Asker: 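Take a look at the following structure, please.
Just so you know, ligand 1 is whichever comes first in the structure, and atom 1 is the first atom listed for that ligand. Predicted model, so just to flag it, every value in this text is computed and none were measured.
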Amino acid sequence: MKISEILTQSPKPFPSIEIVPPLKGISKEELVSSIEPFMEFCPPYINVTCHRDEYEFRPEADGSYTRHAVRRRISETAVCGAIQSHFKAEVVPHLIGAGMTREQMENQLHDLHFMGIENVMALRGDCLVGEKRFTPEPGGYRWASELVEDIRSFEKEQGASFCVGVGAYPEKHFEAPNLEMDIENLKRKVEKGADYIITQMFFDNAVFYEFRDKCRQAGITVPIIPGLKPLSTARQVEILPETFSLDIPAELVREMKKHAADKAVCYEIGARWCAEQCADLLKNDVPAVHFYTMGKSDNIIGILRSCF
Ligand code: FAD
């Protein structure tokens, strides 16, 4: 079933979860048991993130170095297959243009269509570690909107049909000169065929509501699903703003720092804040709430229990 149909048919907002493919060496059984606790809340779909290959230089006998692609995780396609065979939820593999040629993407779309997957998230992806600016593969994808366009062309050529989600940034994507232009670029993704939007995590709902209003004023009418992640350590107060270009409210930062020495208290503060955000969102006309699990389940399970 397509996410667009789930969104239209669901009588009330529902939770969805996003998982990161396991590192190589982790078994299918371990993956399944890490997802199992969420099934109590019947998430209608599970997103699976995609990670571009990294590169390392290895010394050769003649003193030169050769470049080798290194993949640390199981592919999102394999993880989607494992989830499909175990759970009743739909899977949403993330597709990233970064590091991919159009031919490679077309092959991946063939695989997903073959597997009966009807949902994808179309994303651009990021630079490799050490690169300053995003550079597409020759003839590859500079923007996610080009990927959305290619998915729609693939459907016409192959008789496939995908529901396509795209990402958005309530606090602006770090490369965009301002939020208005970022929203114009978001609108372009929708005009090229995106069916719905999932946002980057945020910690202040007012930021999300303002962003949603601006999107509506700009003429974006597709569903906008908020993305949430509970803080689980005091260290994340420094890491998350740096990694995801977002703000964490002063009150939450102060609380986390005050209890930095007590891991359990920090975990509890992060979970409580996120549960309050979620409860407030559910009162404010969101179609669903998307949780970035990042390998953690206990805190999100507690939030789901109190909110859904
Ligand atoms: P785009 O929509 O292409 O936007 C990138 C930047 O380009 C923005 O600043 C935008 O304003 C600008 N832009 C877009 N089009 C134009 C244009 N025509 N002219 C000028 N500027 C333009 N990353 C992963 O590697 N794997 C994942 O699985 C993954 N999952 C994600 C899930 C969600 C819900 C979100 C929000 C992000 C995810 N990301 C993931 C991160 C994402 O890949 C990065 O944030 C990336 O930097 C941007 O991707 P995008 O699809 O938003 O790009």
Asker: If the plane angle is over 60° it's perpendicular, under 30° parallel, otherwise tilted; pick one for Tyr45 and His290.
Answerer: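 Correct class here is parallel.
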Asker: Any nitrogen or oxygen of Arg188, main chain or side chain, under 3.5 Å from a nitrogen or oxygen of ligand 1?
Answerer: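 In this structure, Arg188 places an N or O atom under 3.5 Å from an N or O of ligand 1.
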Asker: Under 4.0 Å between a side-chain nitrogen and a carboxylate oxygen: does that hold for Arg152 and Asp195?
Answerer: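 Counted as a salt bridge, because a side-chain N and a carboxylate O are separated by less than 4.0 Å.
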Asker: Answer with side chain, backbone, both or neither: which part of Ile96 has a heavy atom less than 4.0 angstrom from an atom of ligand 1?
Answerer: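 Ile96 to ligand 1: side-chain contact only, backbone stays beyond 4.0 Å.
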Asker: Identify whether NZ of Lys or CZ of Arg in Arg102 sits under 6.0 Å from the centre of the six-membered ring of Tyr141 and within 45° of that ring's axis.
Answerer: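 Cation-pi check for Arg102 and Tyr141: passes.
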Asker: Which residue in the set Leu282, Leu228, Val289 passes side chain to side chain contact (heavy atoms under 4.5 Å, CB included) when paired with Gln277?
Answerer: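 For Gln277, the side chain to side chain contact (heavy atoms under 4.5 Å, CB included) check succeeds only for Leu228.
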Asker: Counting heavy atoms only, which part of Lys189 comes closer than 4.0 Å to ligand 1: side chain, backbone, both or neither?
Answerer: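 It is the side chain that touches ligand 1; the backbone stays farther off.
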Asker: Could you give the side-chain donor-acceptor pairs of residues 120-136 under 3.5 Å, partners two or more places apart or in another chain?
Answerer:
residue: Arg124; atom: NH1; partner: Glu175; partner atom: OE1; Å: 2.9
residue: Arg124; atom: NH1; partner: Glu175; partner atom: OE2; Å: 3.4
residue: Arg124; atom: NH2; partner: Glu175; partner atom: OE2; Å: 2.8
residue: Glu131; atom: OE1; partner: Leu128; partner atom: N; Å: 3.0
residue: Thr135; atom: OG1; partner: Arg133; partner atom: O; Å: 3.3

Asker: Under 4.0 Å from atom 15 (N) of ligand 1, do we find at least one protein heavy atom?
Answerer: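 Yes, there is a protein heavy atom closer to it than 4.0 Å.
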Asker: So which heavy atom in the protein is nearest atom 53 (O) of ligand 1, and how far is it from that ligand atom?
Answerer: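 Sorting protein heavy atoms by distance from atom 53 (O) of ligand 1 puts Arg124 CB, 3.3 Å first.
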Asker: What part of Met121, side chain, backbone, both or neither, has a heavy atom within less than 4.0 angstrom of ligand 1?
Answerer: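 The answer is the side chain.
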Asker: For ligand 1, indicate whether the residue His51 contacts it via side chain, backbone, both or neither (heavy-atom separation under 4.0 Å).
Answerer: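 No part of His51 is near ligand 1 at this cut-off.
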Asker: Less than 4.0 Å is my threshold; does some heavy atom of Tyr141 fall inside it relative to ligand 1?
Answerer: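 It does not, in that no heavy atom of Tyr141 comes within the 4.0 Å cut-off of ligand 1.
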Asker: Mind telling me whether Phe291 and Phe308 have parallel, tilted or perpendicular rings, with 30° and 60° as the class edges?
Answerer: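 Phe308 and Phe291: perpendicular rings.
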Asker: Where the closest heavy atom to atom 27 (C) of ligand 1 is concerned, which of Pro21, Cys50, Pro177 has it?
Answerer: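 Ranked by closest heavy atom to atom 27 (C) of ligand 1, first place is Cys50.
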Asker: Applying a 4.0 Å heavy-atom criterion (strictly less than), which segment of Asn185 is in contact with ligand 1: side chain, backbone, both, or neither?
Answerer: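 The part of Asn185 near ligand 1 is the side chain, not the backbone.
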Asker: Is the shortest distance from a heavy atom of Phe244 to ligand 1 less than 4.0 Å?
Answerer: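 No; Phe244 lies far enough from ligand 1 that no heavy-atom distance drops under 4.0 Å.
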Asker: So is Ser145 close enough to ligand 1, meaning a heavy atom under 4.0 angstrom away?
Answerer: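 Ser145 does not count as a contact of ligand 1 under the 4.0 Å cut-off.
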Asker: So which heavy atom in the protein is nearest atom 45 (O) of ligand 1, and how far is it from that ligand atom?
Answerer: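 For atom 45 (O) of ligand 1, the nearest protein heavy atom is Tyr169 OH, 2.7 Å.
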Asker: So, are Glu184 and Lys187 salt-bridged, with charged N and O less than 4.0 Å apart?
Answerer: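 No, no charged N to carboxylate O under 4.0 Å.
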Asker: Return all side-chain donor-acceptor pairs below 3.5 angstrom for residues 251-268, not counting sequence neighbours, or 'none' if the list is empty.
Answerer:
residue: Asp262; atom: OD1; partner: Ala264; partner atom: N; Å: 3.2
residue: Asp262; atom: OD1; partner: Val265; partner atom: N; Å: 3.4
residue: Tyr267; atom: OH; partner: Asn299; partner atom: N; Å: 3.3

Asker: What's the separation between atom CG in Asp53 and atom NE2 in His51, rounded to the nearest 0.5 Å?
Answerer: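 Between atom CG of Asp53 and atom NE2 of His51 there are 11.5 Å.
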